[in-house]
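Note sheet for the following structure.
Nothing fancy with the numbering, it's 1 onward along the sequence. All values below come from the heavy atoms of this structure, side chains included, with hydrogens, waters and symmetry mates left out. Order of appearance sets the numbers: ligands from 1, and atoms from 1 within every ligand. Note that the coordinates shown come from a computational prediction; the quantities given were computed from them, not determined experimentally.
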Amino acid sequence: MNSIELIKRFSDVNGVSGFEDEVAQLAKEIIGNDYPVCEDKIRNLYINNIEKEKRTKPVVMLDAHSDEVGFMVQSIEPNGLLKFIALGGWSNQQIPAHKVRVLNRDGEYVEGIISSIPPHFTSKADAGKVTDMKDMFIDVGTTSYEETVNDFKIGVGAPVVPDVICTYNEKSRMFLGKAFDDRVGCAVIVDVMKELKDKELDVTLTGVLSTQEEEGCRGAVVATQKVMPDVAIVLEGPPADDNFRGAYRSQGALRKGAQVRHIDPTMIANPRLVRFIQKIAMENNIKIQETVRESGGTNASKIHLENGGIPTIVIGIPVRYTHSHYGFISYDDYIETVKLVKAIAENITKDIIDSF
Ligand SMILES: [Zn+2]
């Protein structure tokens with residue numbers, strides 16, 4: 001499978017926090033027999049995790065979270081509409097009037113729309129106001145509680161995923177789809193590890209597709225305690241701001257290369273690791289963009305505090321309109337990110353890790 005197809009498939013699979021099964025399944029299918037693969041009970045997927053007693057080299061963990069933002073059904077109204085809560089961070093204005101998929105008790109996805117009030121019934125005073133999520137519903141096209149529950153087999157606790165199919169535009173080299181945060185990170189891990197499969201490295205690369213990041217980086221805590229890495233690289237689909245901020249102030253732009261994060265409110269990156277990555281990028285002619293973030297946080301927030309303090313970096317492919325139904329990412333940023341992670345893996349040694 002080529003990288004374009006890989007990104008599209010990772011974007012399309014359903015996997016809100018706690019329900020990442022399809023993502024793990026897809027990764028297993030693509031990895032095939034290239035590496036040993038295993039899972040744990042929180043549904044983290046491990047690619048090439050070597051037991052501690054059998055290790056001969058330092059371990060570099062590549063982490064990407066497998067979950068995406070979505071919703072969960074909280075209750076069902078007498079008229080068949082579904083009341084719901086958010087999984088992950090949503091802004092009210094991005095939620096209504098979009099298509100979703102609701103997982104029913106038979107394991108099938110039922111199409112629905114997030115409700116909104118037509119202009120005909122909106123008073124002048126209310127026009128332009130953003131509805132609160134508490135006042136929205138998911139409509140699966142039914143008119144009674146019984147129809148929703150008995151005919152469509154939808155129950156309380158059903159996960160809800162944005163209903164979007166990813167497309168790639170060859171002219172702009174952009175992908176338009178859902179869940180690039182963080183399926184693009186999952187794609188990078190699979191691509192890098194497959195490309196380095198027969199390469200003799202000075203480190204062991206272990207890939208982790210970790211669950212429930214959007215609900216508090218929960219999978220990554222379990223994964224880090226299992227892998228106990230010496231260095232961690234968190235691959236992310238961070239928010240782009242180049243469509244509303246000036247070019248010089250932008251902290252995440254499309255087509256500017258792999259994004260290297262110095263800081264966010266949850267972690268200050270190990271500066272020696274940052275310098276090593278800057279050097280690798282320069283020597284290998286890899287385009288990077290650097291970011292100093294005032295908001296946000298990633299799995300790195302938990303990972304870097306484990307195992308006596310793990311040198312950790314967040315490398316990302318900026319996503320426009322993240323945490324909504326649709327986003328854009330640049331294929332060129334993806335290619336630079338894969339090149340950068342490969343070059344790090346090929347050049348990092350025990351001595352370099354000791355110097356961090
Ligand atoms: Zn993310």
Side-chain angles (χ1 to χ4, degrees), residues 7 10-20 22-24 26-27 42-45 61-71 86-91 94 159 161-162 164 166 175 177-190 207-224 232-241 251-254 258-267 269 289 291 293-304 312-330 333-334 337-338 341:
I7 294 166
F10 267 118
S11 169
D12 286 347
V13 284
N14 303 295
V16 293
S17 307
F19 298 83
E20 300 90 347
E22 282 184 32
V23 191
L26 174 61
I42 201 168
R43 248 321 179 250
N44 287 317
L45 180 81
M61 180 170 92
L62 306 179
D63 167 89
H65 64 89
S66 47
D67 60 325
E68 65 186 296
V69 296
F71 310 98
L87 293 174
W90 284 85
S91 157
Q94 264 113 30
V161 186
V164 178
C166 182
F175 293 88
K178 72 167 179 67
F180 293 132
D181 172 15
D182 184 23
R183 302 293 167 61
V184 70
C186 299
V188 171
I189 291 182
V190 170
V208 178
L209 270 55
S210 51
T211 56
Q212 300 189 33
E213 190 265 1
E214 302 292 359
E215 284 291 322
C217 308
R218 294 166 189 170
V221 175
V222 178
T224 311
I233 301 174
V234 174
L235 282 319
E236 261 292 358
D241 60 2
Q251 295 296 317
L254 269 57
Q259 186 199 55
V260 177
R261 187 180 298 210
H262 289 274
I263 190 170
D264 67 37
T266 68
M267 186 186 77
Q289 53 180 317
T291 189
R293 290 283 310 278
E294 293 169 287
S295 59
T298 71
N299 276 340
S301 63
K302 305 285 189 207
I303 296 170
H304 83 292
T312 302
I313 191 77
V314 181
I315 298 177
I317 293 151
V319 183
R320 279 192 189 164
Y321 317 107
T322 192
H323 285 221
S324 75
H325 284 70
Y326 306 95
F328 278 118
I329 55 166
S330 152
D333 294 338
Y334 180 85
T337 304
V338 168
V341 178

Evaluate the criterion side chain to side chain donor-acceptor pair (under 3.5 Å) for residue pair Thr211 and Asp67; output intermediate values, then yes/no. CA-CA 6 Å; Thr211 56; Asp67 60 325; over 6 Å; no
Do other residues, nucleotides or ligands put more than 12 heavy atoms under 6.0 Å from Lys302 NZ? no
No-hydrogen, no-angle side-chain donor-acceptor test under 3.5 Å, Thr291 and Gln251: yes
Do you know which of Ile233, Val208, Val234, Thr312 makes side-chain contact (heavy atoms from CB on, under 4.5 Å) with Met61? Val208
Please determine, by modelled atom types, if His65 and Glu20 share a side-chain donor-acceptor pair under 3.5 angstrom. no
Note on the Zn ion (ligand 1): protein N/O/S atoms within less than 2.8 Å are His65 NE2, Asp181 OD1, Glu236 OE1, Glu236 OE2
Just wondering, do Ile329 and Tyr334 contact through their side chains at under 4.5 Å, heavy atoms? no
